[in-house]
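Quick notes on the structure that follows.
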Amino acid sequence: MRLDKFLCEMNIGTRSQVKILLKQGKVSHNGRVVTSGDLKINELKDTICFQGTPIQYQKYEYYMMNKPAGVVSATTDKREKTVLDLLKPEDKKKDIFPVGRLDKDTEGFLLLSNDGALAHRLLSPKKHVDKAYLVKLATEISEEDIQLLEKGVNIGEEKLTLPAKVIRQGSQSIILTIQEGKFHQVKRMMEAVHNRVIYLKRISFGSLSLDERLCPGEYRALTQEEVTILNETQNVR
Ligand code: URA
């Protein structure tokens with residue numbers, strides 16, 4: 001890969017900024033200052049430093065967003081604002097897409113990435129990845145209803161839903177953990193027990209919990225450790 005491309009991809013600057021930084025002698029390649037961006041580098045093996053600090057090569061981007069209500073989990077939409085519209089221009093450039101979907105009125109943890117293989121693994125029904133939701137309901141939920149949700153309910157599909165985990169939060173709120181991701185699944189599960197969702201927020205995805213410091217609409221890059229956790233995420237049944 002060309003050195004200037006590498007520096008741009010690692011968010012050191014735009015193409016023109018990178019050119020200036022190189023001319024200023026701020027970049028080194030295996031210990032030697034380089035001023036020209038067309039140098040071919042091995043991004044996996046070479047040591048590239050910016051102002052003396054090594055730049056860790058990261059092929060893919062991973063962001064945790066606290067999705068606000070009112071935006072759609074799509075890359076483009078003719079009418080609606082999308083989650084990608086919430087990204088800063090410098091974070092938007094590399095084929096980022098939302099990994100899975102949350103309804104327009106749902107808030108909470110949405111992973112955004114350009115790592116197609118990871119997305120495929122996380123979304124595969126066979127992998128049984130846990131997704132936990134805070135669910136606020138229109139009416140009280142009984143212990144019997146909780147037991148039904150834990151066993152599996154009929155949402156009009158061929159089979160009952162897989163057993164879910166339920167933690168009561170209050171008379172009209174629960175934390176529901178499911179391993180499937182059918183269309184409107186949580187809302188349909190609540191309808192199956194004659195209730196209705198009035199507020200829905202995803203609070204975790206796989207082994208990662210939503211960073212509560214993120215206000216709705218905010219996002220941050222995953223740490224290296226979180227990316228590793230995500231890569232190891234799957235429940236085998
Ligand atoms: N289940 C739903 O009904 N909606 C969501 O956005 C996510 C899960």
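Counting starts at 1 for both ligands and their atoms, in listed order. What you see below is based on every heavy atom in this structure, not just the backbone, and it leaves out hydrogens, waters and symmetry mates.
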Legend entry - Presence of salt bridge, Lys59 and Asp115, under 4.0 angstrom: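 No, Asp115 and Lys59 are not salt-bridged.
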
Inset, instruction - Salt-bridge test for Lys182 and Glu180: reply yes if a basic N is under 4.0 Å from a carboxylate O, no otherwise. - result: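 Yes, charged N to carboxylate O under 4.0 Å.
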
Inset, instruction - Apply side chain to side chain donor-acceptor pair (under 3.5 Å) to Thr228 and Asn231, showing your working. - result: CA-CA 5 Å; Thr228 307; Asn231 271 300; 6.0 Å; no

Inset, instruction - Using a strict 4.0 Å cut-off to heavy atoms of Gln185, name the atoms of ligand 1 that fall inside it. - result: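 That gives atoms 1 (N), 2 (C), 3 (O) of ligand 1.
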
Legend entry - For Thr106, the ligand 1 atoms whose distance to one of its heavy atoms is below 4.0 Å: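 This gives 4 (N), 5 (C), 6 (O) as the contact atoms.
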
Inset, instruction - Would you tell me whether Tyr57 and Asp46 have side-chain atoms, one donor and one acceptor, within less than 3.5 Å of each other? - result: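 Checked: Tyr57/Asp46 side chains show no N/O donor-acceptor pair below 3.5 Å.
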
Inset, instruction - Using non-hydrogen atoms of the residue, decide whether Tyr133 is closer than 4.0 angstrom to ligand 1. - result: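 Checking ligand 1 against Tyr133, which is what was asked, there is a heavy-atom contact under 4.0 Å.
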
Legend entry - Region of Val197 that comes within reach of ligand 1 [heavy atoms, distance under 4.0 Å]: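 It is neither part, as no heavy atom is under 4.0 Å.
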
Inset, instruction - Answer side chain, backbone, both or neither: which part of Asp103 comes under 4.0 Å from ligand 1, heavy atoms only. - result: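 Looking at Asp103 and ligand 1, atoms from backbone and side chain both fall under 4.0 Å.
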
Inset, instruction - Consider every N or O of Arg101 and every N or O of ligand 1, then say whether any pair is closer than 3.5 Å. - result: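 No - when backbone and side-chain N and O of Arg101 are compared with those of ligand 1, no distance drops under 3.5 Å.
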
Inset, instruction - Do me a favour and list the nearest non-hydrogen protein atom to atom 1 (N) of ligand 1 with residue, atom name and distance? - result: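 It is Val186 N, 3.1 Å.
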
Inset, instruction - For the pair Arg188 (side chain) and Ile155 (backbone), establish whether a donor and an acceptor sit closer than 3.5 Å, ignoring hydrogens and angles. - result: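 Looks like yes, one N/O pair under 3.5 Å.
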
Legend entry - Geometric cation-pi criterion Lys40 and Phe6, 6.0 Å radius, 45° cone: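 Ring-cation test returns no.
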
